[in-house]
Structures are given as C-alpha cells and as structure tokens.
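Not measured: the values here are computed from a predicted model.
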Amino acid sequence: MVRSDTVPPRVLTAIVVTVVVWASAFVVIRGVSVDISAGALALARLLVGSVLLGLVLIGRHWVAPTGREWLLILGFGAGWFGAYNIALNTAEQTLDAGTAAMIVNIAPILIAAGAGIFLRERIPRWLAVGAGIAFLGVVLIGISTGLTGFGDGIGVAWCLLAALTFAAGVLFQKPTLRRLPSGQVTWLGCVAGALVCLPFAGDLIREVQVAPLPSILGALYLGVFPTALAFSTWAYALSTMPAAQLGVTTYVVPAIAILLGFVAFAEIPTPLAIVGGVVCLVGVAVSRRHDATARGHGPQQNLAE
C-alpha cells in the first residue's frame, strides 16, 4: 500500500487510463445498444475480456484463493462485471451517455461510505468534502443534459442499480487484493461475470449475425479496452491505495463522457455541463488536500491493510 501522501507516476497513469477509457464506454454502449441488446452486449464484452485477461496470465505465478476469497471474487464478478454491465446497457437504451454517467457516479459516495463501514478505511475530512463537491458537479452535468427529471424513469432505475453494483463490486474486490495478484482477481471476476451472462448467449448469436460492422467493432472495443485494459489498471491502482480515495477519482468520468459524446454524436455540451465538469475536477483536487496536511506527521493509518 502506498503512502496516502504520495501517488507514484505509474499509479497516476493507471488512474488516468481507467477514467478515460471507462468514460468512452458510456458513449460506445449508447451507439451499440441500437443493434445489440443489453444482455448480449454484456456477454460479448465479458467473453472478449476474459480471453484477453487470461492470455496475460499465461506463465505467471498462480496464488490459490481461500474459500473466503473465492466468495468475494464471485461477488465482485457477478455484481460488477455481470449485473453492472447488464443494468448499464439497459439504462442506455433510454438515457444518453452523459446522463447515465452522471447517475452511475453516485457510486463513489457509496464506495466511500462502504469502505469506512465494511473495510474500516479511515475517511479523511477532505476526502468527504471533495466527494460532496464532486457530486455537485455530477448533478450539474446531469441537469445540463436537458432531460426533465433526469430522463426516462426506468432508465434512471437501471442506472441506480448499476451504481449500487459498481460500489458493491469495489467493496468485494478490495479485500482480495491484499494477498492475490490484481491480474488474477480481475480475470476471475471477468469470468464469473461472463458465466452470469451466459443465458444471453442465444441472443448474442442471433444479433451478431445481423448487426452492422460498426456495432460489432464497438462490442469488441468494450471487451478490449473498458474491460480488459481499464479493469486491470483499476485493480492495480486499487491494490495500492484506499478504495474511497480511488473511488472519488471516477467523478471526472461524466465530464469526459460529455466531451466524447459531443465528438461521437455531435451532442453540444451546455455551459452548465462545462461548469459541472470543472466542479468535478475541483472536487477531486480537494479530496487530495488532506494528504498535504498529513505530511510531517507520518503516513496515515489505513485500517483496511
């Protein structure tokens, strides 16, 4: 575990890759969902991710999980990889990418609360303040989409479910990274998620046969980058820092998703969306302020270690 007052460049790089690629996923899902249904898209994404993550593990040392770790991995995989992807894909059939990203990003608040309760992580004052500021920015982005009441009610419900499974997945994943290699945990979780989505195999086979090439390429992209790459960089970062501290960095995802949505779909961000994005970045910066005040007094104790 790295000291809370330092973030090594390699960890910072992993965080940046994670949030940018995950932001792109909201846009790609929005485009592909027209041709491939929610469950089928989740299965396609996880099958591709499982294969790639498995190839990376060839020749690496295998650490046998304990019974408790297997349960945590299954919970992490079924929840975050399986249920999360199905819920998000369903939500984006009626919600635009920016709104979906905004609602899903209540997850860091849930992660911070859950990390304090279940993982016994210390929640510094400035992390809580920064989370609140960033959440305000996320709300501004959501309002800026112009969808009354945040859009379709069913889509909002699916996004809330995605946020819940996102947070639960992180809380299940974090304890396994104390002893198990992050790549191994990510692969096992991805395989567990793919197994959860196997009932959609028939839909996937039928829909891929008639889907246009861009949608098929989009599904492959989701498996290669937001799944295999970004979940690996996330797991690496999570293995080095507290879950609550890492979770708050995902508040920049909606701002990036808005910008990518403009490039992909010519969705013009409103001034309020730009303000919201700036507020998100301010919140992330504030969440790091406690690190500066902690210097000179030794590293903060992380009870989850």
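Without hydrogens or angle criteria, Ser239 side chain to Ser182 main chain gives no donor-acceptor distance under 3.5 Å.
With hydrogens and angles left out, the side-chain atoms of Asn105 and Thr250 include a donor and acceptor closer than 3.5 Å. Donor-acceptor pairing under 3.5 Å is recorded for the side chains of Thr233 and Thr18.
The side chain to side chain donor-acceptor pair (under 3.5 Å) search around Glu92 returns none, not counting sequence neighbours. When the salt bridge (Lys or Arg N to Asp or Glu O under 4.0 Å) test is applied to Glu207, no partner is found at least two apart in sequence or on another chain.
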What's the verdict on side chain to side chain contact (heavy atoms under 4.5 Å, CB included) for Val11 and Ile15, showing C-alpha distance, side-chain angles and the deciding distance?
-> CA-CA 6 Å; Val11 178; Ile15 294 172; 4.2 Å; yes
Apply side chain to side chain contact (heavy atoms under 4.5 Å, CB included) to Val48 and Thr227, showing your working.
-> CA-CA 8 Å; Val48 173; Thr227 304; over 6 Å; no
Test log, rule side-chain hydrogen bond (donor to acceptor under 3.5 Å, both in side chains), inputs Trp158 and Gln93 = CA-CA 10 Å; Trp158 280 109; Gln93 292 176 348; over 6 Å; no
Start with the C-alpha distance between Leu246 and Thr249, add both sets of side-chain angles, then the distance that settles side chain to side chain contact (heavy atoms under 4.5 Å, CB included), and finish with yes or no.
-> CA-CA 6 Å; Leu246 179 60; Thr249 64; 3.9 Å; yes
Val224 and Leu52: side chain to side chain contact (heavy atoms under 4.5 Å, CB included), yes or no, with the steps?
-> CA-CA 7 Å; Val224 174; Leu52 293 178; 3.6 Å; yes
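Follow the hydrophobic side-chain contacts under 4.5 Å out from Leu171 and you never reach Leu71; the two are in separate clusters. By the criterion of side-chain heavy atoms lying less than 4.5 angstrom apart, applied directly or through intervening Ile, Leu, Val, Met, Phe, Trp or Tyr residues, Leu161 is not grouped with Ile86; the two fall into different hydrophobic clusters. In the hydrophobic cluster analysis, where Ile, Leu, Val, Met, Phe, Trp and Tyr join through side-chain heavy atoms closer than 4.5 angstrom, Ile216 is grouped apart from Val210. In the hydrophobic clustering of this structure, Leu177 groups with Phe81; members are Ile, Leu, Val, Met, Phe, Trp, Tyr whose side-chain heavy atoms approach within less than 4.5 Å, directly or through other members.
How far CD1 of Ile256 is from CD1 of Ile258: 11.5 Å, rounded to the nearest 0.5 Å.
Phe166 and Trp80 have parallel rings, their planes meeting at less than 30° on a 0 to 90° scale where 60° marks the start of perpendicular.
Taking each heavy atom of Arg30 and Leu95 in turn, the nearest pair found is NH1-O, 3.1 Å. The minimum heavy-atom distance linking Ala194 with Leu43 is given by the pair O-CD1, 3.7 Å. Scanning both residues, Val19 and Val253, for their nearest heavy atoms gives O-CG2, 3.7 Å. Scanning all heavy atoms of the two residues, the minimum distance from Pro226 to Tyr221 falls at CD-O, 3.0 Å. Listed here is the closest heavy atom pair of Ala228 and Leu53: O-CD2, 3.4 Å. Across all their heavy atoms, Asn85 and Ala42 have their closest contact at CB-CB, 3.8 Å.
For an aromatic pair to be called close, the ring centres must be under 6.0 Å apart, and Trp22 with Phe231 satisfies this.
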